[in-house]
Engineer: 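Okay, handing you the structure first.
Order of appearance sets the numbers: ligands from 1, and atoms from 1 within every ligand. Source: prediction; values computed, not measured.
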Amino acid sequence: MASPRRIVVVGGGVAGYSAAAELRARGYDGALGLVDPSGLPYDRPPLSKGYLLGTKDAAGLRLAPEAWYTEHGVELHAARAAALRPAEGAVELDGGRLLAADAVVLATGALPRPLRVPGGDAALTLRTLGDAERLRAALAPGARIAVVGGGLIGAETASGAAVLGAEVTLIEPLDPPLVPAVGEALARRLHAQHAEHGVRVLTAVPERIETGSGGAAHRTYHLTLSDGTAVEADAVVVGIGVVPDTALAAAAGLAVDDGVLVDAAQRTSNPAVFAAGDATRLRRPDGTLARRAEHWEAAVRSGQAAAAGLLGQAPPEFGAPWFWSDRHGVHVESVGSLAGPGEVLVRRTDDGVPTAAFRLAEDGRLLGCAAVDGGLLIKAARRIIDRGTVVDPETLADPGDDLRRRAR
Ligand SMILES: Cc1cc2nc3c(=O)[nH]c(=O)nc-3n(C[C@H](O)[C@H](O)[C@H](O)COP(=O)(O)OP(=O)(O)OC[C@H]3O[C@@H](n4cnc5c(N)ncnc54)[C@H](O)[C@@H]3O)c2cc1C
């Protein structure tokens, strides 16, 4: 593809925004448009944290102030893209307006996985600012809130609802969830925190949700769980994962398989379309498909890589993936991967409380590290993982050891 002169980014989440910012940072001086029905791009992680708690307002969610878009020549279109038309060099907006585009960055993100049980569509989900506003309105002190799913977003929601004085029931089939993300010991510690903070935890799945007959303001919900337990709630929130939003890609004939398929430069099967963020899935050079990354930093990085790819530049090297989560007053981080073969070592306090988990390859290389309130440790682990350094397992498990010395 010749160097594009008119690029349209579809989707103004952090992936689309990062692609636009990186195109300008790399010197792209052609036309650049960004299409998203919500207008000014905003960040999602605070929706289940500060925004839910009321410590952050909508203006605080913006990825950049409005003036940034003017200063950087990024034209915002507060609209939904109805179709990609790569053969015609255009993106069609709802209503039929065409935007000229020699190249497109598709960054449509993901949608909450629906709860497929009778009455499941009565539940709230948490993906957008509108979702967070609806949820916040339901979180009055004393309100009975049923949270379905104890993964990252469900756990943060349960935690926030408890802080706001709601009476929270968390319904999750695994005890504990998140073992692949943070290892068994930390997953147990984190899951146990719910009960310590007054959240009732039920190990089950909902089989049906019946909506009471009260008017909208007094509506109640009756959940029947797989173990026969009945739960009464004033609101039900579902956080059981996401599905990539591939509608535009599929309609445009791009290769899609549980995500828009991309290579390391974020190229899709159509040379004029690059894709980034939660909507995408990496197809490795040998044809195998990677697990979808559904975290903030991965979305930023893939947006940046798409920008490089579009300009015919080599994709940046990023190193091990990372994510964080905040709940019940603790900060959780994970770098690399705790899932897969190898040995997992756990670092504990003198009282036996697990604070970090490490996964080591057979040859002693560090492959993953997760920690609770261990930001500096994670930073050091990240450097060690990226360098492929071999570490002594005993020092990893020693709470007195300063991993940073080995990361220098
Ligand atoms: C509540 C919440 C909390 C989170 N917390 C964390 C966390 O603590 N740590 C972490 O690492 N990650 C977290 N994440 C995940 C992280 O926010 C996502 O990985 C990231 O937002 C993905 O960015 P994206 O741009 O790919 O997709 P999205 O943020 O979903 O953005 C996609 C955008 O595309 C737009 N779009 C879709 N279709 C169209 C169309 N046809 N036309 C135009 N625009 C369209 C949508 O309106 C949306 O704005 C959280 C996510 C949520 C929802």
Engineer: Here's a test for you: under ring pair (Phe, Tyr, Trp, His ring centres under 6.0 Å), which of Trp68, Tyr42, Trp296 qualifies with Tyr17?
Structural biologist: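 Only match with Tyr17 under ring pair (Phe, Tyr, Trp, His ring centres under 6.0 Å): Trp68.
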Engineer: Please list, in number order, the atoms of ligand 1 under 4.0 Å from a heavy atom of Ala110.
Structural biologist: 30 (O)
Engineer: Can you tell which of Val9, Asp278, Leu152, Thr246 gets a heavy atom nearest to atom 22 (C) of ligand 1?
Structural biologist: Asp278
Engineer: Considering only protein heavy atoms, which is closest to atom 14 (N) of ligand 1, and at what distance to one decimal place?
Structural biologist: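 The closest one turns out to be Pro45 CG, 4.1 Å.
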Engineer: Checking Asn270 against Thr268: is there a side-chain donor and acceptor pair closer than 3.5 Å?
Structural biologist: no
Engineer: Backbone or side chain, does any N or O of Val14 fall under 3.5 Å from an N or O of ligand 1?
Structural biologist: yes
Engineer: Just checking His197 against His194, ring centres under 6.0 Å apart?
Structural biologist: no
Engineer: Could you verify whether a donor N or O on one side chain and an acceptor N or O on the other, from Arg26 and Gln313, lie under 3.5 Å apart?
Structural biologist: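 Present: a donor and an acceptor within the cut-off.
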Engineer: Which residue and non-hydrogen atom of the protein lie closest to atom 52 (C) of ligand 1, and at what distance in Å?
Structural biologist: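 Closest protein heavy atom to atom 52 (C) of ligand 1: Ile153 CD1, 3.5 Å.
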Engineer: Distance check, rounded to the nearest 0.5 Å: Leu126 atom CG versus Tyr51 atom OH?
Structural biologist: 11.0 Å
Engineer: Please classify the Thr128 to ligand 1 contact at 4.0 Å (heavy-atom distances, strictly less than): side chain, backbone, both or neither.
Structural biologist: neither
Engineer: At under 4.0 Å between heavy atoms, which part of Asp43 makes contact with ligand 1: side chain, backbone, both or neither?
Structural biologist: neither
Engineer: Answer yes or no: does atom CZ of Arg387 have more than 12 heavy-atom neighbours from other residues, nucleotides or ligands under 6.0 Å?
Structural biologist: yes
Engineer: Using distance alone, decide if ligand 1 has a nitrogen or oxygen within less than 3.5 Å of any nitrogen or oxygen in Ala15.
Structural biologist: yes
Engineer: Does ligand 1 come near enough to Trp324 that some N or O of the ligand is less than 3.5 Å from an N or O of the residue?
Structural biologist: yes
Engineer: If we count only N and O atoms by modelled type, under 3.5 Å, do the side chains of Asp373 and His331 hold a donor and an acceptor together?
Structural biologist: no
Engineer: List the closest protein heavy-atom neighbour of atom 31 (O) of ligand 1: residue, atom name, distance to the nearest 0.1 Å.
Structural biologist: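 Nearest neighbour among protein heavy atoms for atom 31 (O) of ligand 1, to 0.1 Å: Gly13 CA, 3.3 Å.
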Engineer: Going by the atom numbers of ligand 1, which of them fall below 4.0 Å from some non-hydrogen atom of Gly277?
Structural biologist: 26 (O)
Engineer: Run the numbers for me: atoms of ligand 1, each under 4.0 Å from some heavy atom of Val10, listed by number.
Structural biologist: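 Close to Val10: 42 (N), 43 (C).
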Engineer: Considering only heavy atoms of Asp245, which atoms of ligand 1 have at least one such atom less than 4.0 Å away?
Structural biologist: 37 (C), 38 (N)
Engineer: Show which atoms of ligand 1 fall inside a sub-4.0 Å distance from at least one heavy-atom site of Thr108.
Structural biologist: 32 (C), 34 (O), 37 (C), 38 (N), 39 (C)
Engineer: Write out the residue and atom name of the closest protein heavy atom to atom 15 (C) of ligand 1, then the distance separating them to 0.1 Å.
Structural biologist: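 Atom 15 (C) of ligand 1 sits closest to the protein heavy atom Glu294 O, 3.7 Å.
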Engineer: With a heavy-atom distance limit of 4.0 Å, tell me whether Asp326 approaches ligand 1 through its side chain, its backbone, both, or neither.
Structural biologist: neither
Engineer: Name the closest protein heavy atom to atom 27 (O) of ligand 1, giving the residue it belongs to and the distance to 0.1 Å.
Structural biologist: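 Its nearest protein heavy-atom neighbour is Gly109 CA, 3.2 Å.
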Engineer: State, with a plain yes or no, whether a side-chain heavy atom of Leu289 is found less than 4.5 Å away from one of Arg283.
Structural biologist: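 In contact.
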Engineer: With heavy atoms under 4.0 Å as the rule, classify the contact between Ala298 and ligand 1 as side chain, backbone, both or neither.
Structural biologist: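 Near ligand 1, Ala298 shows nothing, with every heavy atom at 4.0 Å or more.
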Engineer: Do other residues, nucleotides or ligands put more than 12 heavy atoms under 6.0 Å from Glu317 CD?
Structural biologist: no
Engineer: State, yes or no, whether a side-chain contact exists between Glu167 and Ile145 at a heavy-atom distance under 4.5 Å.
Structural biologist: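 No. Closest side-chain heavy atoms not under 4.5 Å.
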Engineer: Indicate yes or no: does an N/O atom of Ala299 lie under 3.5 Å from an N/O atom of ligand 1?
Structural biologist: no
Engineer: Record the part of Lys49 in heavy-atom contact with ligand 1 below 4.0 Å; permitted values are side chain, backbone, both and neither.
Structural biologist: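 Side chain only; the backbone of Lys49 stays clear of ligand 1.
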Engineer: Can you find a non-hydrogen atom of Glu297 under 4.0 Å from ligand 1?
Structural biologist: no
Engineer: If you measure every N/O of Trp296 against every N/O of ligand 1, is any gap under 3.5 Å?
Structural biologist: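 Yes; at least one N/O pair falls below 3.5 Å.
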Engineer: Run the salt bridge (Lys or Arg N to Asp or Glu O under 4.0 Å) test against Glu156 and tell me which residues pass, sequence neighbours left out.
Structural biologist: Lys49
Engineer: Ser38 to ligand 1: N or O pair under 3.5 Å?
Structural biologist: no
Engineer: Kindly determine whether Asp131 and Thr128 satisfy side-chain hydrogen bond (donor to acceptor under 3.5 Å, both in side chains), including the steps that lead there.
Structural biologist: CA-CA 5 Å; Asp131 293 341; Thr128 65; 3.3 Å; yes
Engineer: When rounded to the nearest 0.5 angstrom, what is the spacing between CG in Asp401 and CG in Leu403?
Structural biologist: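 If I round to the nearest 0.5 Å, the distance is 6.5 Å.
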Engineer: Tell me whether the guanidinium CZ or amine NZ of Arg347 lies under 6.0 angstrom from the six-membered ring centre of Phe358 and within 45° of its axis.
Structural biologist: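 Geometry flag: not set, cation outside 6.0 Å or 45°.
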Engineer: Might you point out which heavy atoms bring Pro206 and Leu225 nearest each other, and give the distance in Å?
Structural biologist: CA-CD2, 3.7 Å
Engineer: If the plane angle is over 60° it's perpendicular, under 30° parallel, otherwise tilted; pick one for Phe323 and His295.
Structural biologist: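 The arrangement is parallel - the two ring planes meet at less than 30°.
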Engineer: With heavy-atom distances below 4.0 Å as the criterion, list the atoms of ligand 1 near Leu126.
Structural biologist: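 So the answer, numbered in order with elements, is 1 (C), 53 (C).
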Engineer: Considering residues, nucleotides and ligands other than Glu66, do more than 12 of their heavy atoms fall under 6.0 Å from its CD?
Structural biologist: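 Atom CD in Glu66 is not packed in, count stays at 12 or less.
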Engineer: Looking only at distance, does Asp36 have an N or O less than 3.5 Å from an N or O of ligand 1?
Structural biologist: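 It does: an N or O of Asp36 is found under 3.5 Å from an N or O of ligand 1.
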Engineer: Give the atoms of ligand 1, by number and element, whose distance to some non-hydrogen atom of Ala107 is under 4.0 Å.
Structural biologist: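 Close to Ala107: 32 (C), 33 (C), 34 (O).
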Engineer: Return the residue, atom name and 0.1 Å-rounded distance of the protein heavy atom closest to atom 21 (O) of ligand 1.
Structural biologist: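 Going by distance alone, atom 21 (O) of ligand 1 is nearest to Arg44 CD, 3.8 Å.
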Engineer: At what distance is the nearest protein heavy atom to atom 28 (P) of ligand 1, and which residue and atom is it?
Structural biologist: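 Here the closest protein heavy atom is Arg127 NH2, 3.5 Å.
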Engineer: If hydrogens are left out, which of Gly16, Ala81, Pro37, Ala251 has an atom nearest to atom 45 (C) of ligand 1, that is, the closest non-hydrogen atom?
Structural biologist: Pro37
Engineer: Checking a contact table here: which protein heavy atom is nearest atom 1 (C) of ligand 1, and how many Å away?
Structural biologist: Ser48 OG, 3.5 Å
Engineer: Using atom types as modelled and distance alone, determine if a side-chain donor or acceptor of Arg24 lies under 3.5 Å from a backbone N or O of Tyr28.
Structural biologist: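 Yes.
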Engineer: Using a plain distance cutoff, I'd like to know if Ser325 has any nitrogen or oxygen under 3.5 Å from a nitrogen or oxygen of ligand 1.
Structural biologist: no
